[in-house]
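Remember, it's a predicted structure, so these values are computed and weren't measured experimentally.
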Amino acid sequence: MSSNKREELINSQHFPLILMRDFLLPTILGNETSDVLYWSGKQLARQFPLLDETDIQESFEYCGFGNLDLVKKERNRDIYHLHGSIIETRLLKQDVSFHLEAGFLSEQLFLTTKISCEVQVKILKNKTNTIVNLIVNY
């Protein structure tokens, strides 16, 4: 990580959360980080179930996961875009995991719709920006 990115990360309002999520947890969990975070996200959703699918986007902001927008709805899959200042700041570090958010989304969708699904994380990088998509497969 370049010193400019490191300084921007440290000076961010999100630094305490990023310190735990993207530095401490991967150190503790090692190669199992993504799997443990996915199942932890599902468990969090069970502890704080939503009443309606329309509340999911608001819950993401409230939980500090970032902004979640449904960008494409298909027969067997939906594509959500995860964005916001916390996402931009987290992406300053290489190898960040958004599997906690994916697990949380998966379980909230199941709890509100009763339709089983799995959510994949796709990070798309181009010359100007990075996009984080959460792809729901039904």
Is the shortest distance from a Lys or Arg side-chain nitrogen in E101 or R21 to a carboxylate oxygen in the other one below 4.0 Å?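 Looking at R21 together with E101, the answer is yes, because their closest N to O distance falls below 4.0 Å.
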Salt bridge flag under 4.0 Å for residues K5 and E8: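 Answer for the salt bridge query: no.
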For residues [X] and [Y], report the shortest heavy-atom separation together with the two atoms involved.
| X | Y | value |
| --- | --- | --- |
| L68 | L105 | CD2-CD1, 4.1 Å |
| L51 | T112 | C-CG2, 4.2 Å |
| S85 | Q13 | OG-NE2, 4.1 Å |
| L82 | F60 | CD1-CD2, 3.9 Å |
| A45 | L111 | O-CD1, 3.6 Å |
| S106 | C117 | OG-O, 3.1 Å |

For the pair N4 and S2, evaluate side-chain hydrogen bond (donor to acceptor under 3.5 Å, both in side chains) and give the outcome as yes or no after the intermediate values. CA-CA 5 Å; N4 287 344; S2 72; 5.4 Å; no
On the ring face of F104, is K42 found with NZ or CZ under 6.0 Å from the centre and within 45° of the axis?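 No, K42 does not lie over the aromatic ring of F104.
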Within 45° of the ring axis of F98 and under 6.0 Å from its six-membered ring centre, is that where the NZ or CZ of R90 lies? yes
Assess, by modelled atom type and distance only, whether the side chains of [X] and [Y] contain a donor and an acceptor separated by less than 3.5 Å.
| X | Y | result |
| --- | --- | --- |
| N126 | T128 | yes |
| S12 | H14 | no |
| D69 | H83 | yes |

Can you tell me which residue among N31, L37, D35 is in a side chain to side chain contact (heavy atoms under 4.5 Å, CB included) with T33? L37
The residue among L134, V121, V36 that forms side chain to side chain contact (heavy atoms under 4.5 Å, CB included) with H99 is V121
Could you check whether atom [atom1] of [X] has more than 12 heavy atoms from other residues, nucleotides or ligands sitting under 6.0 Å from it?
| X | atom1 | answer |
| --- | --- | --- |
| E61 | CD | yes |
| E7 | CD | no |
| Q94 | CD | no |
| R6 | CZ | no |

State yes or no: do [X] and [Y] share one hydrophobic cluster built from I, L, V, M, F, W and Y residues joined by side-chain heavy-atom distances below 4.5 Å, directly or via other members?
| X | Y | answer |
| --- | --- | --- |
| Y80 | I123 | yes |
| Y138 | L50 | yes |
| L9 | L91 | no |
| I131 | V136 | no |
| F110 | F48 | no |

Compare all side-chain heavy atoms of I87 with those of N67 and state whether any distance is below 4.5 angstrom.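 Counting from C-beta outward, I87 and N67 never come under 4.5 Å.
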Which value, rounded to the nearest 0.5 Å, describes the distance between [X] atom [atom1] and [Y] atom [atom2]?
| X | Y | atom1 | atom2 | value |
| --- | --- | --- | --- | --- |
| S40 | L25 | OG | CG | 8.5 Å |
| N133 | K72 | CG | NZ | 10.5 Å |
| L17 | I86 | CG | CD1 | 4.5 Å |

